[in-house]
Amino acid sequence: MTPSWLEILGTFALLSLLAVGGANALAPEMFRLLVETRGWLDEASFVKLFALSQAAPGPNILAASVMGMAVAGLLGGIIATIGILGPAAILAWTVAGWLDRLKGAWWLKPAQGGLVPIAVGLMAAGGIILGEAAFSFWAAPLITAGTAAFVALTPRNPLWALLLGGLIGLAFAR
Amino acid sequence: MPEPPAKPTPLQLFLGFLYIGGLAFGGAVAWARHVLIEDRRWLSEREYAELIGLAQVLPGPNVGNLAVIYGRRCAGLAGAAAALGGFVLVPTAVVLGLVALWQEFGQNPWVAAFMAGVAPAAAGLALGAAIKSGIRLRPPPEQILAIIAIALAVVIWRVPLLWVVAVAGPVCVALSVRRALRA
């Protein structure tokens, strides 16, 4: 069943205001809503679409656009994009109005520091949930662990790890 | 010091952020820094740091927030819309194009096998990003506890994000501000 545009807009608009730390931090909630609660996507499609979104340039939060298009076609993708960007942009617009008072504020840096554990905790959860969902053949957990180490320990472009994962898939997942 | 150029117009903002969005493979923040400071010379290093600091506290894509804030400052609503629109235009078109390709060719066994390998790698990206932040930022003990608690709550009990942000947000910010006050 294809959800209505309004449902798609509402779902991603809600996610928009909670998006602290990018798509990796948002992955658990997107998974929970789209796969577990609403049933718009199955687990295997979700992880593959998420992977697609991470291979593209630009803000990785556009994972929302990818999910929206997979759920309801091109228009769904555009609506999901508006939903994920809109409320956050309106908030940024509002805050920009206070900017002169805010920009040297002593609490800004510690407040930002306070968001670190939330973003990191959610990213870790995202990795585990996506990793479970992507366990489609024996090498998958090894790819996940290897990519995590590559990203954590080297400054190289993570696209190389995605490419290597794909090649391992070609070799062993057919 | 050369005199900073006049504030960019909405069209210039659109083109500048189009350039940032179109080429931002990996990290948009570093690329935005290069374009805004070195290439277009719209911002000083310090102005950029202040804007991106604010953009990072707000929800949503960091550079998207920066586009809205800076665009508003230069040219009001038209500036904010032009900057944000420019930033997301190419990346949105690219990801939607990728989905179209996947829908067309995803059933092909070669493509399916390739994607079966890319998907666990994308999971590794998220995990690696968490580990990297953990190593780089060296969070104090109370934050390490918070990271573990949040990850467990989300993975095991599937706690909705709203609750994580509503409960852990104020607690973590308060702890962080308290630590800053003591230092």
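To find a chain, count down the sequence lines: A is the first, B the second, and so on, and within it residues start at 1.
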Contact winner vs chain B - [options], heavy-atom pairs under 4.5 Å:
options	answer
A:V47, A:L62, A:L115	A:L62
A:G131, A:A145, A:A27, A:A140	A:A140
A:G146, A:G165, A:A70	A:G165
A:P117, A:A125, A:G127	A:P117
A:A149, A:A161, A:A89	A:A89
A:Q54, A:K48, A:E132	A:K48

Query raised in the report: Taking it one step at a time, do A:I118 and B:I150 satisfy side chain to side chain contact (heavy atoms under 4.5 Å, CB included)?
Result: CA-CA 7 Å; A:I118 299 177; B:I150 289 166; 3.9 Å; yes
With chain A as the partner, which of [options] has the greatest number of non-hydrogen pairs under 4.5 Å?
options	answer
B:A126, B:P120, B:P91	B:P120
B:M115, B:Q56, B:R72	B:R72
B:V165, B:L96, B:V155	B:L96
B:I135, B:T92, B:V171, B:I144	B:T92
B:G97, B:G64, B:A130	B:A130
B:N62, B:L77, B:V63	B:L77

Does [X] belong to the same Ile/Leu/Val/Met/Phe/Trp/Tyr cluster as [Y], with side-chain heavy atoms less than 4.5 Å apart forming each link?
X	Y	value
B:I52	B:W31	yes
A:F12	B:L162	yes
B:V68	B:L54	yes
B:W110	B:W102	yes
A:L9	A:I90	no

Query raised in the report: Is chain B contacted by the side chain of A:F31, its backbone, both, or neither, given a heavy-atom distance below 4.5 Å?
Result: side chain
Query raised in the report: Using non-hydrogen atoms only, which part of A:S16 is less than 4.5 Å away from chain B: side chain, backbone, both, or neither?
Result: backbone
Beyond-backbone contact of [X] with [Y], side-chain heavy atoms, under 4.5 angstrom:
X	Y	value
A:V120	B:P139	no
B:P61	A:L85	yes
A:L162	B:L125	yes
A:L52	B:V95	no
A:L18	B:V164	no

Heavy-atom cut-off 4.5 Å, strictly under: side chain, backbone, both or neither for [X] against chain A?
X	answer
B:A180	side chain
B:A116	both
B:L181	side chain
B:R73	side chain
B:A67	neither
B:V154	both
B:L175	neither
B:P160	both
B:L137	side chain
B:Q103	side chain
B:L51	side chain

Where do [X] and [Y] come nearest, in terms of heavy atoms and distance?
X	Y	answer
A:L91	B:P59	CD2-CD, 3.5 Å
A:V151	B:A129	CG1-N, 3.8 Å
B:V173	A:A111	CG2-O, 3.8 Å
A:G166	B:V118	CA-CG2, 3.6 Å

Query raised in the report: If you measure from CG on B:L98 to CG on A:L49, what distance do you get to the nearest 0.5 Å?
Result: 10.5 Å
**Report entry** Distance, nearest 0.5 Å, that separates CG of A:L153 from CD1 of B:I131
**Finding:** 8.0 Å
**Report entry** Donor-acceptor pair, side chain of A:E29 and main chain of B:L161, under 3.5 angstrom
**Finding:** yes
Report task. Would you check if the side chain of B:S176 reaches a backbone N or O of A:P110 as a donor-acceptor pair within less than 3.5 Å? Result -> yes
Query raised in the report: Under 6.0 Å from the CD atom of B:Q107, do we count more than 12 heavy atoms belonging to anything else shown?
Result: no
Query raised in the report: What do you reckon, is CG of A:L6 surrounded by more than 12 foreign heavy atoms closer than 6.0 Å?
Result: no
Query raised in the report: Do B:F114 and A:L163 pass the side chain to side chain contact (heavy atoms under 4.5 Å, CB included) test, and can you show the C-alpha distance, the side-chain angles, and the key distance before you say yes or no?
Result: CA-CA 9 Å; B:F114 189 79; A:L163 181 64; 4.0 Å; yes
Query - chain B neighbours within residues 167-174 of chain A, where any heavy atom lies under 4.5 Å away - result: A:L167, A:G169, A:L170, A:A173, A:R174
Query - Selection residues 42-59 of chain B - residue pairs positive for salt bridge (charged side-chain N to carboxylate O under 4.0 Å, His left out), sequence neighbours left out - result: B:R33-B:E45, B:R46-B:E50
